[in-house]
There are 2 protein chains.
Amino acid sequence: MTTRWLSPDEQRAWRAYIAASLLLEDTIDRQLQQEAGMPHLYYSILANLSETPERRLRMTELAEGLKITRPRLTYAVARLEKDGLVRRESCQWDKRGSVAVLTDEGVAVLERAAPGHVETVRAALFDRLTPEQVGQLEEIFTSVTAGLQGEGGPAEEVPWRRRSSPSCS
Amino acid sequence: MTTRWLSPDEQRAWRAYIAASLLLEDTIDRQLQQEAGMPHLYYSILANLSETPERRLRMTELAEGLKITRPRLTYAVARLEKDGLVRRESCQWDKRGSVAVLTDEGVAVLERAAPGHVETVRAALFDRLTPEQVGQLEEIFTSVTAGLQGEGGPAEEVPWRRRSSPSCS
DNA sequence: CGGGCTTGGTTCAAGTTTGAAGCAAACCTA
DNA sequence: TAGGTTTGCTTCAAACTTGAACCAAGCCCG
């Protein structure tokens, strides 16, 4: 079958997206590197942890939530642990497992970094969009995410989350 | 001044965007790595070169077009040169300058890789979007790009391009 | 129980990216 | 036209990412 090339409209959209996403990640990484000494991904790890009730998450669950590979997460958490922002505990119920826990210092760093980060995201993105465009953005990328991993299989259960006992330490 | 946090709508849009862009780049990188032995950026370098009349571009111009830093480009071109897909020539009119030239083999590799790449982009993105969404995508990200670099200053002139003489070799 | 398979996570080597220097050619400007 | 600044690009070390092993703990099934 002959290739279905991109239409001119699609070309333009694709190029606009590629260019902007590179610039955007660059901008955000640089800002966070400056003000928090870590790249965007590492900030996101802290942020994700901070949103759970116990500020802890299984490594795999964290990796899935962030859409990154496990080796990448292992490396990142090792660094954050060295900096004292995250602690690693092994999971009681599954001795293979390990759990990343946000430390108090991690919370502090996150809270210090958050305003600047949000400001950057606003300045680079949301301040330039109409409310309709915000909706469009969400729709488009939600659909893309669904396509790219929805096919891979739905979310599965995560052992420790179903306990409400104090910890997996 | 107190931080203007993201609204729930903005939160959702932002997260959708982050997740999807990670998955998308991952998908595309993996596909190109498999079928062409190079990541997306390297493919884009070849593609950019192939679109110029002489299949050549000054390093700086290439870096600006791709929205990447110069060291990054230097490294990437070095690799492509080692693989024989790109050749480096020094610019006659500006002895500091160097010019990346797409080789015939580079063209061949690019043409072999293009169909699979386009198919991946389609499957991951455009096949999931309505025509209106394609337009929205372009508008949103064109505006973001403008915001992130338009402020930095407009495009400047590039010496060799203004010549129509056969080469800068 | 006792093998095999799967799962959760880490480790390792190779490749890539980053930011700060470094270097040489061009461009002032007096 | 000499001296200082800018520009174009590369180099370097440190940080990060990738994919392929690897290892141990759970799981399955007889």
Side-chain angles (χ1 to χ4, degrees), chain A residues 22 25-34 36-45 57-83 86 88-100 153 156-161 168, chain B residues 22 25-34 36-45 57-83 86 88-100 153 156-161 168:
Chain A
L22 279 170
E25 255 311 273
D26 244 46
T27 302
I28 291 175
D29 270 337
R30 228 184 303 285
Q31 186 270 327
L32 279 172
Q33 196 65 255
Q34 293 261 319
M38 68 183 74
H40 188 195
L41 175 65
Y42 293 56
Y43 175 90
S44 300
I45 291 173
L57 237 25
R58 288 282 301 255
M59 292 297 275
T60 296
E61 191 177 19
L62 196 43
E64 283 170 357
L66 293 166
K67 270 64 176 150
I68 62 174
T69 60
R70 279 181 297 201
R72 190 176 177 185
L73 180 62
T74 295
Y75 179 89
V77 166
R79 199 262 228 195
L80 291 172
E81 186 168 35
K82 192 158 48 105
D83 295 348
V86 158
R88 241 133 142 197
E89 296 177 2
S90 72
C91 183
Q92 277 193 320
W93 312 298
D94 184 344
K95 299 256 181 58
R96 296 166 300 181
S98 84
V99 180
E156 55 262 27
E157 311 196 337
V158 179
W160 81 262
R161 251 201 187 296
C168 183
Chain B
L22 279 169
E25 254 311 275
D26 242 47
T27 303
I28 290 175
D29 270 337
R30 228 185 303 286
Q31 186 269 327
L32 279 172
Q33 195 65 255
Q34 294 261 318
M38 68 183 73
H40 188 195
L41 175 65
Y42 293 55
Y43 175 91
S44 299
I45 291 173
L57 238 24
R58 289 280 302 257
M59 291 297 274
T60 296
E61 193 177 17
L62 196 43
E64 282 171 357
L66 293 166
K67 272 60 176 155
I68 61 174
T69 61
R70 279 182 298 201
R72 188 175 178 183
L73 180 61
T74 295
Y75 179 88
V77 167
R79 198 261 230 195
L80 291 172
E81 185 168 36
K82 194 159 45 108
D83 295 349
V86 159
R88 242 131 143 199
E89 296 177 2
S90 72
C91 183
Q92 278 193 318
W93 311 299
D94 184 344
K95 298 257 180 57
R96 295 166 301 180
S98 83
V99 180
E156 55 262 28
E157 312 196 338
V158 179
W160 81 263
R161 250 203 187 293
C168 182

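In what follows, every chain begins at residue 1, and chains take the letters A, B, ... in the order their sequences are listed.
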Within a strict 4.5 Å, meaning less than it, do heavy atoms of the D29(B) and E25(B) side chains meet?
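A side-chain contact under 4.5 Å exists here.
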Non-hydrogen side-chain atoms of K67(B) and D26(A) separated by less than 4.5 Å
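When only atoms from C-beta onward are counted, D26(A) and K67(B) do not touch, as no gap falls below 4.5 Å.
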OG1 on T74(A) to CZ on R88(A), rounded to 0.5 Å
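Rounded to the nearest 0.5 Å, the CZ-OG1 separation comes out at 6.5 Å.
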How long is the span from the CZ atom in R30(A) to the CD1 atom in I28(A), to the nearest 0.5 Å?
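CD1 of I28(A) is found 11.5 Å from CZ of R30(A).
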Taking the nucleotide of DNA chain D with the nearest heavy atom to each, does G37(A) or M59(B) sit closer to the 5' end?
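That would be M59(B).
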Per-nucleotide protein contact string for nucleotides 21-27 of chain D (B base, S sugar-phosphate only, - none; heavy atom under 4.0 Å):
---BBS-
Measure [atom1]/[X] against [atom2]/[N] and give the value in whole Å, please.
| X | N | atom1 | atom2 | result |
| --- | --- | --- | --- | --- |
| E61(B) | dT7(D) | CD | C1' | 15 Å |
| D29(A) | dT17(C) | CG | P | 13 Å |
| L22(B) | dT18(D) | CG | C1' | 14 Å |
| L73(A) | dT18(D) | CG | P | 12 Å |
| E25(B) | dC16(D) | CD | P | 20 Å |
| Q33(A) | dC16(D) | CD | C1' | 11 Å |
| L32(B) | dT16(C) | CG | C1' | 16 Å |
| L62(A) | dT10(C) | CG | C1' | 15 Å |

Which nucleotide in the set [options] lies at the smallest distance from any side-chain heavy atom of [X]?
| X | options | value |
| --- | --- | --- |
| R58(A) | dG8(C), dT17(C), dT17(D) | dG8(C) |
| T60(B) | dT16(C), dT17(D), dG8(D) | dG8(D) |
| S98(A) | dT16(C), dT10(C), dT18(D) | dT10(C) |
| D26(A) | dC16(D), dT18(C), dT16(C) | dT18(C) |

Counting just side-chain N and O atoms, does [X] come under 4.0 Å of either OP1 or OP2 of [N]?
| X | N | value |
| --- | --- | --- |
| Y75(A) | dA13(C) | no |
| R88(A) | dT10(C) | yes |
| R79(B) | dT16(C) | yes |
| R70(B) | dT18(C) | no |

What are the two closest heavy atoms between M59(B) and L73(B), and how far apart are they?
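Heavy atoms only, the tightest pair is O-CD2, 3.0 Å.
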Considering all heavy atoms, the nearest R79(A)-P39(A) contact
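Of all heavy-atom pairs spanning R79(A) and P39(A), the closest is NH2-CD, 4.2 Å.
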Closest-nucleotide ordering on DNA chain C, the 5'-leading residue of R30(A) and G97(A):
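Counting from the 5' end, the first nearest nucleotide belongs to G97(A).
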Could you walk me through whether I45(A) and M38(A) pass side-chain contact (heavy atoms from CB on, under 4.5 Å), step by step?
CA-CA 11 Å; I45(A) 291 173; M38(A) 68 183 74; over 6 Å; no
Output all residues satisfying ring pair (Phe, Tyr, Trp, His ring centres under 6.0 Å) with Y42(B), sequence neighbours left out; order by chain, then residue number.
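Listed in chain order: nothing, the list is empty.
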